[in-house]
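Scroll down for the structure; my scribbles are underneath it.
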Amino acid sequence: MASSKNIARFWEWGRKIICVGRNYADHAKELKNAVPSEPVLFLKPPSAYVKEGSPILLPFYTTNLHHEVELGVVIGTGGAAIPQGSAMDHVAGYALCLDMTARDVQDQCKAKGLPWTLAKAFDTSCPVSEFIPKERIPNPGDVRLWLKVNDQLRQDGHTSLMLFPVPFLISYISDFITLEEGDLILTGTPKGVASVQEHDEIQAGIGDIVSMTFRGHYASLTASPRSFRGLQHLLQV
């Protein structure tokens, strides 16, 4: 039976965002991480979505917020234990995505063996473009990803450099997490990640297929004194 949901507005009803870390060797190396032998996975909640025209919220607990431009894969047909050979049949389309990362918090969490949730899953940590129909990107392993901050090119990479290509990622993830219609897979970022400040303008694109801009100030998330003290204690090294 055909779905009644509008896949072109997946960010309004999709249930999860599954992210792949360290999927470009040069990015792993620039952060002094080992190049993985299998995908590194983490999650963002749907509240991480933000669309062009709205601000990216700077969490109160970070002073080093990084940009990471990524190709997002939008799942159209769900499944579990999906074979690589049929993985692309489950793809509805794509989106240009940013994985905003509180790098200082991530470094502290890694040093203590803690999950990356505070660094990766905060509200507005996943800016996304409009939905890109599947036929506009016939080969997701052959597109350019770029990102500028204040019109200065920061990231300029190519999905051909992925350690684990899209069909493999879909198959691998579905062995552990059932994929559902409207899910988004973030496929990793090329090298060149760096910090952004309040009032910076971020422009990003997938070749000349789609681009997006996030302008204005980055409004700080507020927190109660109790939560601030809890975070200070948690992140003490």
Side-chain angles (χ1 to χ4, degrees), residues 7-11 14 16-28 30 35-36 39-44 46 48-52 56 66-77 82 84 87-101 120 125-149 153-174 177 179 181-193 202-214:
I7 195 66
R9 301 186 69 83
F10 65 92
W11 60 85
K16 55 188 179 289
I17 305 167
I18 305 164
C19 309
V20 182
R22 306 174 190 173
N23 199 23
Y24 291 76
D26 285 346
H27 170 61
E30 75 178 341
V35 176
V40 176
L41 304 180
F42 59 94
L43 300 175
K44 289 178 184 276
Y49 282 127
V50 63
K51 296 289 280 119
E52 193 171 14
I56 298 171
H66 277 205
H67 56 74
E68 298 188 5
V69 64
E70 311 202 6
L71 174 67
V73 178
V74 181
I75 298 299
T77 303
I82 297 168
Q84 283 191 62
M88 297 307 295
D89 295 339
H90 293 258
V91 175
Y94 302 93
L96 171 64
C97 307
L98 301 181
D99 171 17
M100 302 304 296
T101 302
K120 291 283 195 178
S125 63
C126 187
V128 293
S129 72
E130 295 299 319
F131 175 78
I132 304 167
K134 186 177 182 179
E135 57 269 18
R136 293 194 63 197
I137 301 181
N139 181 4
D142 187 25
V143 294
R144 176 186 174 224
L145 300 173
W146 60 268
L147 182 143
K148 297 178 181 180
V149 176
L153 188 64
R154 293 265 189 95
Q155 292 185 266
D156 190 359
H158 202 278
T159 57
S160 62
L161 298 176
M162 285 183 185
L163 296 172
F164 309 105
V166 169
F168 179 89
L169 291 175
I170 292 171
S171 178
Y172 180 89
I173 291 168
S174 70
I177 303 170
L179 292 173
E181 181 186 13
D183 285 351
L184 179 70
I185 299 174
L186 267 57
T187 59
T189 194
K191 68 178 180 179
V193 302
I202 300 174
Q203 297 173 289
I206 299 175
D208 58 1
I209 296 170
V210 70
S211 64
M212 63 184 183
T213 301
F214 285 84

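If you're wondering where the values come from, they're calculated on a predicted model, not measured in any experiment.
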Margin query: Any side-chain to backbone donor/acceptor pair from T187 onto L71? Under 3.5 Å, distance only.
Written below: yes

Checklist line | Sidechain-backbone polar pair: E30 side chain, G192 backbone, donor-acceptor under 3.5 Å | finding: yes

Distance-minimising heavy-atom pair for [X] and [Y]:
X: I7; Y: G76; result: CD1-CA, 4.5 Å
X: G14; Y: P46; result: O-CG, 3.6 Å
X: A87; Y: P167; result: CB-O, 3.6 Å
X: Y24; Y: L145; result: OH-CD1, 3.8 Å
X: P39; Y: V20; result: CB-CG1, 4.3 Å

Can you tell me how far apart [atom1] ([X]) and [atom2] ([Y]) are? Round to the nearest 0.5 Å.
X: I202; Y: F214; atom1: CD1; atom2: CZ; answer: 8.0 Å
X: M88; Y: N139; atom1: CE; atom2: CG; answer: 8.0 Å
X: H90; Y: T77; atom1: NE2; atom2: OG1; answer: 6.5 Å
X: K120; Y: C126; atom1: NZ; atom2: SG; answer: 10.5 Å
X: L43; Y: I17; atom1: CG; atom2: CD1; answer: 9.0 Å
X: I209; Y: I132; atom1: CD1; atom2: CD1; answer: 6.5 Å

Validation row: [X], [Y] side chains within 4.5 angstrom (heavy atoms):
X: L163; Y: N23; value: yes
X: P140; Y: T159; value: no
X: V35; Y: R22; value: no

Notebook entry, point to check: Listed by chain and number, what are the ring pair (Phe, Tyr, Trp, His ring centres under 6.0 Å) partners of Y49, not counting sequence neighbours?
Noted result: F10

Note to self: Applying side chain to side chain contact (heavy atoms under 4.5 Å, CB included), can you list everything that pairs with K148, at least two apart in sequence or on another chain?
What the structure shows: W146, D151, L153, Q203

Check: Which residues satisfy the side chain to side chain contact (heavy atoms under 4.5 Å, CB included) test with S174, sequence neighbours excluded?
Finding: I82, L179

Next item on the list: Keeping to residues at least two apart or across chains, list the salt bridge (Lys or Arg N to Asp or Glu O under 4.0 Å) pairs with something in residues 129-139.
Entry: K51-E130

Next item on the list: Scan for salt bridge (Lys or Arg N to Asp or Glu O under 4.0 Å) pairs involving residues 155-173, sequence neighbours excluded, and state none if there are none.
Entry: R144-D156

Return the set of residues passing side chain to side chain donor-acceptor pair (under 3.5 Å) with [X] (not counting sequence neighbours), or none when no residue passes.
X: K44; answer: D99, S125
X: D142; answer: H158
X: Y172; answer: E38
X: T189; answer: Q155

Item checked: Those residues that, when tested against K16, pass salt bridge (Lys or Arg N to Asp or Glu O under 4.0 Å) (two or more places apart) -> E180, D183

For residues 91-98, run the donor-acceptor check on the side chains, cut-off 3.5 Å, and write out each pair with its distance to 0.1 Å, sequence neighbours left out.
none

